[in-house]
Amino acid sequence: MMDFGNFVQLIQESDVITIFGHAVPDGDCYGCQIALRELIRDNFPDKKVYAVGSGIPPFFERLATMDEVSNDIIASSTAILVDVSCLRRVEDQRVVTAKRWGKIDHHQPSDLESFDGVAVVDSARIAAAEIIAEIALAYRWKISTLAAECLYLGMCTDSGRFSYRGTTARTLEIVEILKRRHIRVRSIHAIAYYESPERRKMKNIIRRKAKMYEGVTYCYLPVASYTRVGLSGDEALRLVNALARVNKEAHCYGLFVQMEGDQINVELRSNNGYAVHGVARKYGGGGHRYASGCTIYSTQNQVEDVVRDMAMTGKDEDNA
Ligand SMILES: [Mn+2]
């Protein structure tokens with residue numbers, strides 16, 4: 001079991017706490033921000049605590065909204081990063097003005113990204129929400145239904161509904177404990193996995209445009225291909241898993257989305273043990289061993305350069 005003592009001490013020593021997540025928040029990021037806010041509210045009632053960032057608006061009515069926070073509050077606060085490895089990757093860059101920092105994360109540690117603060121990092125965990133649940137359980141915090149539902153959201157979405165590598169017996173034990181807090185999962189799934197007509201159309205386009213190269217499935221989306229459907233580049237990028245079963249011989253897959261100018265945002269995945277993380281790192285990105293992202297610039301690197309590196313990625317031995 002990890003030692004959470006320094007982290008809990010950081011909370012105890014802080015009167016004002018702001019909670020930040022990464023850009024383009026996903027279920028784990030948003031779930032962690034709201035869950036940690038509720039846990040601190042319920043267990044440290046004298047603290048002022050805020051969740052900062054755009055969150056996931058379709059969940060605001062079912063779970064909770066984010067907070068509007070002034071520059072002064074952030075500057076007077078301890079900032080806690082959840083589901084994000086360093087200040088540079090935080091969505092709201094006012095995070096740099098905080099008095100001090102803490103973080104709870106499960107991304108691959110990377111030497112490019114130093115962090116000056118109290119860090120709780122375990123890249124063996126399927127979700128950052130799982131680490132927050134461990135802290136709450138270790139310290140016997142009160143876990144409200146809302147906090148439990150937000151932790152569940154993070155664990156469910158980051159684990160591909162408890163199917164990806166990294167989902168452990170402990171993951172499922174924690175879900176069982178959360179279930180005893182009267183969480184209702186069906187309405188959470190309905191929001192998390194809602195397929196709008198736009199998303200469905202985009203997934204079909206991604207599959208149709210998919211190409212193969214030496215065991216790599218990949219697809220490049222120019223700006224017009226998603227604006228025509230009515231999605232943003234970030235929304236299109238989240239549909240990377242549409243490529244998962246395009247070709248059953250493929251060992252990894254990547255979605256390349258042209259953003260403004262020469263910028264191309266990239267999401268890389270492997271469902272059978274090829275560590276795409278190294279490829280993302282090479283281009284200045286990062287993430288998880290089998291799910292990573294990076295940004296390339298067509299003036300410097302081409303889609304084909306990344307695809308070639310993916311094709312050369314070896315299979316992990318323990319993933320027969
Ligand atoms: Mn995560």
Side-chain angles (χ1 to χ4, degrees), residues 22-24 26 85 89 106-113 123-124 126 158-160 163-167 199 202-226 231 233-320:
H22 57 74
V24 196
D26 57 12
S85 59
R89 295 185 195 278
H106 70 132
H107 289 88
Q108 292 278 323
S110 147
D111 44 11
L112 293 171
E113 299 159 13
S123 59
I126 195 69
D158 257 27
S159 66
S163 69
Y164 297 158
R165 277 190 182 76
T167 304
R199 280 168 58 98
M202 194 76 242
K203 282 183 172 182
N204 287 332
I205 292 170
I206 291 169
R207 291 195 190 99
R208 219 166 39 231
K209 289 169 79 84
K211 293 182 182 168
M212 277 292 290
Y213 172 83
E214 310 254 326
V216 180
T217 307
Y218 68 102
C219 173
Y220 173 73
L221 295 179
V223 170
S225 67
Y226 54 82
L231 292 182
D234 286 332
E235 287 167 330
L237 196 63
R238 285 186 216 193
L239 303 178
V240 56
N241 285 324
L243 292 168
R245 279 171 292 277
V246 168
N247 186 317
K248 62 179 191 298
E249 268 89 64
H251 58 66
C252 49
Y253 52 99
L255 183 61
F256 299 78
V257 177
Q258 182 191 22
M259 308 301 280
E260 272 176 25
D262 65 338
Q263 183 181 335
I264 300 170
N265 287 8
V266 185
E267 284 293 333
L268 307 177
R269 298 287 184 275
S270 173
N271 288 343
N272 28 349
Y274 289 77
V276 293
H277 180 252
V279 179
R281 279 284 303 282
K282 180 177 168 184
Y283 295 92
H288 307 288
R289 195 161 178 76
Y290 306 115
S292 280
C294 59
T295 298
I296 61 171
Y297 298 89
S298 54
T299 45
Q300 293 157 28
N301 291 107
Q302 304 305 314
V303 168
E304 288 72 22
D305 298 334
V306 180
V307 171
R308 228 171 292 128
D309 286 330
M310 290 173 80
M312 291 193 305
T313 302
K315 191 179 177 91
D316 283 351
E317 272 177 24
D318 56 343
N319 271 293

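Throughout, numbering of the chain's residues begins at 1 and tracks the sequence.
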Only counting residues at least two apart or in another chain, list the ones meeting side-chain hydrogen bond (donor to acceptor under 3.5 Å, both in side chains) with Ser270. none
Test Leu243 against Cys219 for side chain to side chain contact (heavy atoms under 4.5 Å, CB included), laying out the working first. CA-CA 8 Å; Leu243 292 168; Cys219 173; 4.0 Å; yes
Among all residues two or more places apart in sequence or in another chain, which pass the side-chain hydrogen bond (donor to acceptor under 3.5 Å, both in side chains) test with Asn301? none
List the residues meeting side-chain hydrogen bond (donor to acceptor under 3.5 Å, both in side chains) with His107, not counting sequence neighbours, and say none if there are none. Asp105, His288
Nearest heavy-atom pair of Tyr283 and Cys294: which atoms, and what distance? CB-SG, 3.9 Å
Does the Gln300 side chain pair with the main chain of Ile296, one donor and one acceptor, at a distance under 3.5 Å? no
Checking Asp234 now: which residues fulfil salt bridge (Lys or Arg N to Asp or Glu O under 4.0 Å) with it, not counting sequence neighbours? none
Will you find, in the side chains of Tyr253 and Asn247, an N or O donor that is under 3.5 Å from an N or O acceptor? no
Which is it for Leu221 and Met202 under the side chain to side chain contact (heavy atoms under 4.5 Å, CB included) test, yes or no, and what are the steps along the way? CA-CA 10 Å; Leu221 295 179; Met202 194 76 242; 3.7 Å; yes
Minimum heavy-atom distance between Val276 and Met310, given as atom pair plus value: CG1-CE, 4.4 Å
May I have all residue pairs that pass salt bridge (Lys or Arg N to Asp or Glu O under 4.0 Å) and include part of residues 266-280, sequence neighbours excluded? Glu267-Arg269
Let me see the working for Leu268 and Val240 under side chain to side chain contact (heavy atoms under 4.5 Å, CB included), right down to the final yes or no. CA-CA 8 Å; Leu268 307 177; Val240 56; over 6 Å; no
Residues passing the salt bridge (Lys or Arg N to Asp or Glu O under 4.0 Å) test with Arg245, sequence neighbours excluded, are none
Can you name the side-chain contact (heavy atoms from CB on, under 4.5 Å) partners of Arg289, sequence neighbours left out? Gln108, Ala275, Asp316
Kindly list each side-chain donor-acceptor pair under 3.5 angstrom involving residues 204-218, sequence neighbours excluded, with atom names and distances?
unit_1: Asn204; atom_1: ND2; unit_2: Arg200; atom_2: O; d: 3.4
unit_1: Arg207; atom_1: NE; unit_2: Ala242; atom_2: O; d: 3.1

If I compare all heavy atoms of Ser159 with all of Ile126, which pair ends up nearest, and what's the gap? CB-CG1, 3.4 Å
On a heavy-atom basis, which atom in Ala236 and which in Tyr226 lie closest, and how many Å separate them? CB-CB, 3.9 Å
Please evaluate residues Asp158 and His106 with respect to the criterion side-chain hydrogen bond (donor to acceptor under 3.5 Å, both in side chains), reporting the C-alpha separation (whole Å), side-chain torsions for both, the decisive distance (0.1 Å), and the verdict. CA-CA 11 Å; Asp158 257 27; His106 70 132; 3.1 Å; yes
Could you report the tightest heavy-atom contact between Gly286 and Ala280, atom names first, then the distance? N-CB, 3.9 Å
Locate the shortest heavy-atom distance separating Ala244 from Asn271; write the atom from each residue and the value. CB-ND2, 3.8 Å
Sequence neighbours excluded, the answer for side-chain hydrogen bond (donor to acceptor under 3.5 Å, both in side chains) partners of Tyr220 is none
Counterpart residues, salt bridge (Lys or Arg N to Asp or Glu O under 4.0 Å), relative to Asp309 (two or more places apart): Lys282
Could you go through residues 256-264 and list every donor-acceptor pair under 3.5 Å that involves a side-chain atom there, pairing it with any protein atom two or more places apart or in another chain?
unit_1: Gln258; atom_1: OE1; unit_2: Val223; atom_2: N; d: 3.0
unit_1: Asp262; atom_1: OD2; unit_2: Thr299; atom_2: OG1; d: 2.6
unit_1: Gln263; atom_1: NE2; unit_2: Asn265; atom_2: OD1; d: 2.8

Given side chains that start at C-beta, do those of Val266 and Leu255 come closer than 4.5 Å, heavy atoms only? no
